[in-house]
Amino acid sequence: MSSNDGPIGNPMTERNPSDHPGMSASGQKTLAEEAVLSFHNISYRETVQSGFPLCKMTHEIERLSNISGIMKPGLNAIMGPQDRSRSLLLDVLAARRDPRGLSGEILINGKPRPANFTCTSGYVPQNDVVMDTVTVRDNLEFSAALRLSMTTTRDEKRRHINEVLKLLKIDKVADRKPRSKELRKITGIAVELVADHPILFLDEPITGLGWRTATDVISVLRRMSKKGRTIIFSIRQPVNSIFRLFDSLTLVASGKVMFHGPAKSALEYFESAGYIYDLHKDPLDVFLDFIIRGAINNTKEDSHEADEHEEFLETEHQVTEKLARMYIQSSFFSETSMELDRVLGEQQVEMSSALEVSCVTPFCHQLVWIIRHSFKNAKGFLRVTMTKALITDFLAAAVGIIFWIIIKNDCIEIETRAGLLYLLTGFQCITSISAGRLFVTDRDRFLHEHTSGYYRVLPYFLGKLLAELGPRRLLRTVLITPITFGIAGLISSVKGFFAIMLTVMLLTYSASSLSLSVHTGEKASPVRTRLVTIYFVFMMFFSGLSLCFGSLLPALLWIQYFNIPHYGFQALLHNEFLGQTFCLEHNGEELSRCQDQVICSGEEFLTMQGIELSSWGFWKNHVALASIMSILFTCTYVRLHHKKLEVLRSWVRKFLQFFK
């Protein structure tokens, strides 16, 4: 499996707009008004790993081989069979692939591609990354607020958004949420049009759309290209009416170029070489006939001796090589080579080993808009949130009533109170496991928006924590703790109540930080969820042992230093039992009826549990929880730097190879 099989896998650094020369000068200057993209002898190699986890073999596969061409303002289509070549070429040109596997030169207006190219060009991924819990207009406003210059006034942004909505004919549904496939796809295109970049890349822009909608989208892109914008897109199977709108066509298969030139000359080019095609077929079907089944003049009969799949691959490879050689000998290749030589001139261009993420807005502006956008997203789950709140209220009241009845038994009152605190600790930890999905569900959207220059990692990280993790965890804590403890009679004072709330909140956020640090940076994995669940079950088991037997065996005491539930449970016990006395209404004769010896002093119980009676015995648990939470949140933030982690992992792999 490839280690770079995602659409975004390039190592990146972040810079502020104030200290980024490419943003203020070279970057914007290179991409001023019209932009011509040329690529010279592009080859791309992918590192592939195979074998078992502990003994994986690494080897490289050449995905693109010596591809050259030029993309001018207009509609530039990349077509080919489903062998990943067309999307890979698009991603390489758009700087959405790891540049360490890239060789050759990519120029913008005859100059080296700027390091912040992903932030100064538009890119619409094949998989929709727009937020479908907010309206179409909200998505466009978010893009405009973070990608347009701060000098652009609010009215100018609003007017620009309205123009884009009208251009794509979605102004009448602008206040709807993009729930349908078609509306999500068009919204994704509109989000990039708002940024108003001179180069726009689109990966399969009409896949999943109806014929009429697809025609409208391509027509809009064509009108934009006529105004000087360079539109580059991969496309799967256009009909003839859409194919006629293309200005340039690049036909690729097996990592090689079959044709690169004016789209209207493509079919005539193959016909002049002796390839016959059906006028009633779609263009891609015609090209697939040439690539996969070969020319009709050189038709091979089916062989039943060899394996069918191997014969298919061998035949396809032979035909691909033949068509690639034919293109190299054509006049289209000669004309393209001469034009590329004029563009390249005598300058020597070095490929950049890393890309940079630069943003046009400051930190505070990004943070505010991320929080605002996240709150709007939370409104989309309002009904679900209210349902969960009602269920939580019911459960909290039921548990409180049950323990209120049980606590009346003086013989086991202390054990019952401790049991309720233990139950609350376990509930807060187990329910915090779901917090790990916070950065996983939006992973693709985050990678796309961060790479495109919406925001840096830090404001995104803080904004998601403040707007989503904080309120959701706080709501559950505020609902369960007062209701359960109030009904059960464990809240004896205002000071004790706030101490309980503080402890439960720290416990909840510490448990959530563990789940976040394990899940963040990776795709959703049930294995990671099970590991976190096992951790909490295991740690709650040891906390239960200390509750039953007073303390753990000396050989197991080290476990408490890594035990998040232990710190929360110890703090709750200290707050509840310090200074408490029980059995006040009973004499010794009545208490003697109990089977076991009754503990009437809270201090005695705390001493049996090995808990310090001083105030430090209470606050040291909070310090430990706060420290664990800070460390785990820091790990989560580091793991969000997906690109830097990929570079670090590459260095580690190379270092380990010296010891093999």
Side-chain angles (χ1 to χ4, degrees), residues 7-8 75 77 82 87 90 122-147 158 160-195 200-224 231 233-239 241-242 245 282 284 372-387 437 440-449 452 454 468 523-524:
I8 305 173
L75 285 185
Q82 297 187 27
S87 292
L90 180 79
Y123 181 84
V124 181
Q126 182 176 354
N127 298 325
D128 304 321
V129 293
V130 297
M131 191 173 289
D132 59 359
T133 53
V134 299
T135 65
V136 174
R137 186 180 298 277
D138 289 333
N139 279 285
L140 269 64
E141 288 179 349
F142 183 69
S143 176
L146 296 179
R147 303 176 76 186
R158 188 180 296 111
H160 183 49
I161 290 173
N162 291 333
E163 291 175 356
V164 172
L165 291 172
K166 188 175 182 180
L167 182 66
L168 290 173
K169 300 180 181 180
I170 54 175
D171 49 322
K172 295 182 179 179
V173 295
D175 296 323
R176 295 182 186 176
K177 296 176 182 178
R179 301 290 191 182
S180 65
K181 175 72 175 179
E182 290 191 356
L183 190 54
R184 283 199 305 270
K185 178 75 72 174
I186 298 176
T187 303
I189 297 174
V191 164
E192 294 301 321
L193 297 184
V194 165
L200 176 61
F201 298 91
L202 304 98
D203 191 6
E204 309 289 350
I206 63 173
T207 299
L209 301 181
W211 175 81
R212 183 178 297 277
T213 305
T215 303
D216 290 341
V217 168
I218 296 298
S219 299
V220 169
L221 295 177
R222 180 170 177 80
R223 289 201 300 271
M224 295 176 57
I231 310 292
F233 58 96
S234 62
I235 191 166
R236 181 175 300 175
Q237 195 168 1
V239 296
S241 58
I242 292 179
L245 301 177
D282 290 337
L284 182 60
R372 179 178 177 180
H373 203 52
S374 298
F375 274 128
K376 288 184 178 180
N377 176 44
K379 290 182 179 179
F381 302 97
L382 186 60
R383 180 177 298 177
V384 176
T385 303
M386 295 302 297
T387 302
R437 300 164 54 191
V440 174
T441 53
D442 290 338
R443 179 178 180 269
D444 292 339
R445 185 182 304 116
F446 159 71
L447 290 175
H448 170 70
E449 292 176 349
S452 300
Y454 281 72
E468 295 194 31
K523 294 184 178 180

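Heavy atoms only: backbone and side chains are in, while hydrogens, waters and symmetry mates are out. Positions are given from 1 along the sequence.
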> A side-chain contact here means heavy atoms from C-beta on lying under 4.5 Å apart; do Ser234 and Asp203 qualify?
yes
> What distance separates Asp132 CG from Asn139 CG, expressed to the nearest 0.5 Å?
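One gets 8.5 Å once the value is rounded to the nearest 0.5 Å.
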> Look only at the side chain of Lys185 and the backbone of Asn127, and say whether a donor-acceptor pair between them is shorter than 3.5 Å.
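A pair under 3.5 Å: no.
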> What's the shortest heavy-atom distance between Val191 and Tyr454, and which atoms?
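Minimum heavy-atom separation between Val191 and Tyr454: CG1-OH, 3.0 Å.
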> I'd like to check the side-chain contact (heavy atoms from CB on, under 4.5 Å) partners of Thr133; sequence neighbours left out, ordered by chain and number.
Met131, Arg179, Asn377, Phe381
> Show the nearest heavy-atom pair for residues Ala77 and Ile235, with the distance to one decimal.
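Closest pair (atom of Ala77, atom of Ile235, distance): CB-CG2, 4.4 Å.
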> Can any side-chain N or O of Ser374 pair as donor or acceptor with the backbone N or O of Glu468 at less than 3.5 Å?
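A pair under 3.5 Å: no.
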> Name the atoms and distances for all side-chain donor-acceptor pairs under 3.5 Å in residues 206-216, with sequence neighbours left out.
residue: Thr207; atom: OG1; partner: Glu204; partner atom: OE1; Å: 3.3
residue: Thr213; atom: OG1; partner: Glu182; partner atom: OE1; Å: 3.2
residue: Thr215; atom: OG1; partner: Trp211; partner atom: O; Å: 2.8

> Counting neighbours of CZ on Arg437 that are heavy atoms of other residues, nucleotides or ligands and sit closer than 6.0 Å, is the number greater than 12?
no
> Measure the OG-CG distance between Ser452 and Leu447 for me, rounded to the nearest 0.5 Å.
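Output value for this atom pair is 10.0 Å.
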> Would a 4.5 Å heavy-atom cut-off, applied to side chains only, mark Phe142 and Lys376 as touching?
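No. Closest side-chain heavy atoms not under 4.5 Å.
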> Would you check, one step at a time, whether the test salt bridge (Lys or Arg N to Asp or Glu O under 4.0 Å) holds for Arg147 with Glu449?
CA-CA 10 Å; Arg147 303 176 76 186; Glu449 292 176 349; over 6 Å; no
> I'd like to know if the side chain of Arg445 reaches the main chain of Val129, judged simply by a donor and an acceptor atom lying under 3.5 Å from each other, with no hydrogens or angles considered.
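At least one qualifying donor-acceptor pair exists.
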> Working to the nearest 0.5 Å, report the span between CD of Glu192 and CZ of Phe201.
11.5 Å
> With a 4.5 Å cut-off on side-chain heavy atoms, are Ile189 and Val220 touching?
no
> To the nearest 0.5 angstrom, please state how far the CG atom of Leu165 sits from the NZ atom of Lys172.
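Output value for this atom pair is 13.0 Å.
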> What do the steps show when you test Leu75 against Ile218 for side chain to side chain contact (heavy atoms under 4.5 Å, CB included), and what is the final call?
CA-CA 9 Å; Leu75 285 185; Ile218 296 298; 4.1 Å; yes
> Do Val164 and His160 make a side-chain contact, defined as non-hydrogen atoms from C-beta onward lying under 4.5 Å apart?
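The answer is yes; the side chains approach within 4.5 Å.
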> When you compare the side chain of Leu200 with that of Phe233, does any pair of heavy atoms fall below 4.5 Å?
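Counting from C-beta outward, Phe233 and Leu200 never come under 4.5 Å.
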> Would you say the side chain of Arg137 lies within less than 4.5 Å of the side chain of Asn162, judging by non-hydrogen atoms?
yes
> Determine whether Lys181 and Asp128 satisfy the following criterion, salt bridge (Lys or Arg N to Asp or Glu O under 4.0 Å), listing intermediate values before the conclusion.
CA-CA 8 Å; Lys181 175 72 175 179; Asp128 304 321; 3.5 Å; yes
> Could you tell me whether Arg176 atom CZ has more than 12 heavy atoms of other residues or ligands within 6.0 Å of it?
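Counting neighbours around CZ of Arg176, 12 or fewer heavy atoms of other residues, nucleotides or ligands fall under 6.0 Å, so no.
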> Decide yes or no on side chain to side chain contact (heavy atoms under 4.5 Å, CB included) for Val173 and Thr135, but give the supporting numbers first.
CA-CA 9 Å; Val173 295; Thr135 65; over 6 Å; no
> Do you know which two heavy atoms are closest between Val134 and His373, and how far apart they sit?
CG2-CE1, 3.9 Å
> Can you tell me how far the CD1 atom of Ile186 sits from the CG atom of Leu193, to the nearest 0.5 Å?
11.0 Å
